[in-house]
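In what follows, a single structure is set out as structure tokens and then discussed.
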Amino acid sequence: MIKIIMDILTDENFVGAIFTSLSFIFVGFILRRKNIINNNGKEFLTIIVLKIALPAMAFSAFMTEFNSAHFIDNFLVFIISLLFYIIFIMMGHLVLFKIDQSKRIVISIFMAVGQLTFFSIPVLKTIYSDSYSKIMITANMMTLSFRLILYIYCYFAISKLKFNKEKIKFTLKSIFLNPIMISMAIGLFIWVTQEIMPKVNIDDEYFSIFRIDKTLPGIYMIISTAEKLTTPLAMMIIGCILGEAHIKEAFKDKYSWLIAIARTIIIPIMTLLFLIVLQMVNIINFDEYTIMIMVIGFGAPLSAVVSTYCSKFNNEMELSSRVCFLSTLLSILTFPILFIIVKVVVLLPIF
């Protein structure tokens with residue numbers, strides 16, 4: 001056991017990913033604290049990540065050979081992660097039954113919905129740089145369930161708006177017509193149709209004409225360069241969020257601490273336990289990449305989009321800011337621990 005932990009702690013990709021993330025978080029924190037990056041600057045960085053870097057990363061993940069078994073497993077990841085979001089939100093309601101309903105709804109979201117695209121995925125992308133497609137295809141499937149919850153349930157629950165034709169249209173557009181989802185859909189189409197598409201012979205190997213990583217490497221280099229922006233810029237945005245926080249008030253708020261602990265420790269541990277149970281009853285055979293993305297994904301700090309909703313609709317705005325700050329700080333400590341735990345768990349005989 002000790003040898004396994006030491007091997008992980010001395011793994012260059014793991015150590016490099018953690019230090020890289022911490023470095024850019026610190027840079028973002030200092031630049032925002034000194035107001036070198038103002039709120040407009042943070043918004044600009046966010047646009048670059050959401051409109052360019054993350055879409056490039058989502059597309060690149062599918063530039064690999066198609067595997068039907070892998071496809072089925074990843075579709076199950078989408079279903080399971082969606083169910084987990086629903087379960088964790090319902091559990092929040094049960095645990096907080098004594099609290100006023102409107103507040104209970106929001107806090108349940110704080111406990112269930114983490115910073116998947118801005119925090120978990122960039123970190124894991126860096127750690128698993130040698131197995132990029134394996135981790136990222138699974139991450140893309142979880143991203144789909146994350147966005148369904150984020151743009152439908154979270155939006156309407158926090159805004160207190162009621163469904164109508166106009167708002168449903170806006171919500172569906174937010175989910176499916178944003179650059180990340182469009183890039184993911186195109187990449188998924190290319191991935192699953194490789195066998196039936198016209199082929200190009202490259203060094204005695206045949207590839208689909210749409211595998212531009214092979215057929216148009218010069219064009220693909222633009223996409224691969226854009227995706228490399230994800231980790232540094234996303235971590236700087238996290239740092240900016242920390243730099244905006246009222247640190248003293250956050251540290252003094254015991255209530256915010258409890259929610260942050262639930263978000264970054266209790267929820268990911270429960271996720272891991274649920275996955276172990278599913279593995280034991282043979283519902284799905286998980287590999288390390290699937291378990292890692294789901295545990296780390298559910299262990300991320302509070303989603304910045306959720307915090308933005310709270311600010312926009314003046315619903316638990318201060319609490320969301322404090323939880324976002326504290327859960328981000330905790331994640332810096334808990335991510336390495338969760339990573340080690342998963343690495344050890346996948347060595348159990350049931351996997």
Side-chain angles (χ1 to χ4, degrees), residues 72-117 119-121 138-163 167-168 171-172 174-176 180-181 184 258-281 283-284 286 290-310 313 315-316 320 323 327 338:
I72 294 170
D73 286 344
N74 280 294
F75 180 75
L76 287 174
V77 167
F78 161 66
I79 299 297
I80 291 169
S81 59
L82 183 61
L83 288 174
F84 279 8
Y85 278 118
I86 295 170
I87 289 169
F88 291 140
I89 288 171
M90 292 175 63
M91 285 176 58
H93 281 275
L94 292 174
V95 172
L96 303 168
F97 69 95
K98 292 185 178 180
I99 298 176
D100 176 73
Q101 184 181 8
S102 61
K103 191 168 186 174
R104 183 169 71 240
I105 290 171
V106 178
I107 295 175
S108 297
I109 291 172
F110 291 174
M111 292 170 62
V113 184
Q115 192 87 275
L116 178 66
T117 50
F119 203 96
S120 298
I121 291 177
T138 304
N140 280 340
M141 292 298 103
M142 188 173 174
T143 296
L144 181 55
S145 62
F146 167 72
R147 290 187 175 279
L148 286 171
I149 292 294
L150 186 66
Y151 290 127
I152 297 179
Y153 178 75
C154 294
Y155 178 80
F156 283 97
I158 294 173
S159 67
K160 299 179 182 179
L161 297 173
K162 294 183 179 180
F163 279 97
K167 290 187 176 67
I168 290 174
T171 302
L172 292 175
S174 298
I175 295 171
F176 296 109
I180 297 173
M181 297 301 287
M184 192 174 84
L258 290 173
I259 300 171
I261 289 170
R263 169 91 291 279
T264 57
I265 299 174
I266 297 174
I267 294 298
I269 292 298
M270 290 182 66
T271 299
L272 180 58
L273 293 175
F274 284 154
L275 293 175
I276 290 172
V277 171
L278 290 175
Q279 179 78 15
M280 291 175 67
V281 297
I283 290 180
I284 180 174
F286 295 108
T290 306
I291 295 178
M292 192 68 77
I293 187 60
M294 293 189 74
V295 171
I296 297 296
F298 278 106
L302 175 63
S303 167
V305 177
V306 169
S307 189
T308 301
Y309 287 163
C310 291
F313 297 107
N315 191 348
E316 301 297 337
S320 71
V323 172
S327 60
L338 291 171

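Below, each value reflects all heavy atoms present in this structure, side chains not excepted, and no hydrogens, waters or symmetry copies.
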Closest approach of [X] to [Y] (non-hydrogen atoms, all atoms of both residues):
| X | Y | value |
| --- | --- | --- |
| Pro301 | Thr264 | CA-CG2, 4.5 Å |
| Gly297 | Leu116 | CA-CD1, 3.7 Å |
| Ala157 | Ile105 | CB-CG2, 3.6 Å |

Notebook entry, point to check: Any donor-acceptor pair under 3.5 Å linking the side chain of Glu316 with the backbone of Ile107?
Noted result: no
Note to self: So does Leu258 get a backbone contact from the side chain of Arg263, meaning a donor-acceptor N/O pair under 3.5 Å?
What the structure shows: no
Item checked: side-chain contact (heavy atoms from CB on, under 4.5 Å) between Ile296 and Ile121, intermediate numbers included -> CA-CA 9 Å; Ile296 297 296; Ile121 291 177; over 6 Å; no
Note to self: Holding to side-chain contact (heavy atoms from CB on, under 4.5 Å), I want the full list of residues that pass it with Ile266, two or more places apart in sequence or in another chain.
What the structure shows: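 Checked Ile266 against side-chain contact (heavy atoms from CB on, under 4.5 Å); matches are Ala262, Met270.
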Could you grab the distance from atom [atom1] of [X] to atom [atom2] of [Y], nearest 0.5 Å is fine?
| X | Y | atom1 | atom2 | value |
| --- | --- | --- | --- | --- |
| Leu144 | Ile149 | CG | CD1 | 10.5 Å |
| Met292 | Leu272 | CE | CG | 10.0 Å |
| Ser108 | Gln101 | OG | CD | 10.0 Å |
| Asn140 | Ile180 | CG | CD1 | 9.5 Å |
| Ile259 | Ile109 | CD1 | CD1 | 12.0 Å |

Going by heavy atoms in the side chains, are [X] and [Y] under 4.5 Å from each other?
| X | Y | value |
| --- | --- | --- |
| Arg147 | Thr117 | yes |
| Leu338 | Ile265 | no |
| Phe146 | Val113 | yes |
| Phe286 | Leu76 | no |

Next item on the list: Answer with yes or no after comparing the ring centroid distance for Phe156 and Phe313 against a 6.0 Å cut-off, counting only values under it.
Entry: no
Taking only residues two or more places apart in sequence or in another chain, which ones pass side chain to side chain donor-acceptor pair (under 3.5 Å) with [X]?
| X | result |
| --- | --- |
| Asn315 | none |
| Ser120 | none |
| Thr290 | Asp287 |

Next item on the list: Any pair with a residue in residues 296-305 that passes side-chain hydrogen bond (donor to acceptor under 3.5 Å, both in side chains), sequence neighbours left out, goes on the list, sorted by first then second residue, please.
Entry: none
Show me the donor-acceptor pairs within less than 3.5 Å that the side chains of residues 77-97 make with the rest of the protein, sequence neighbours left out.
residue	atom	partner	partner atom	Å
Ser81	OG	Val77	O	2.8
Ser81	OG	Phe78	O	3.1
Ser81	OG	Ser145	OG	2.7

Note to self: Please enumerate all residues that pass ring pair (Phe, Tyr, Trp, His ring centres under 6.0 Å) together with Phe110, with sequence neighbours excluded.
What the structure shows: none
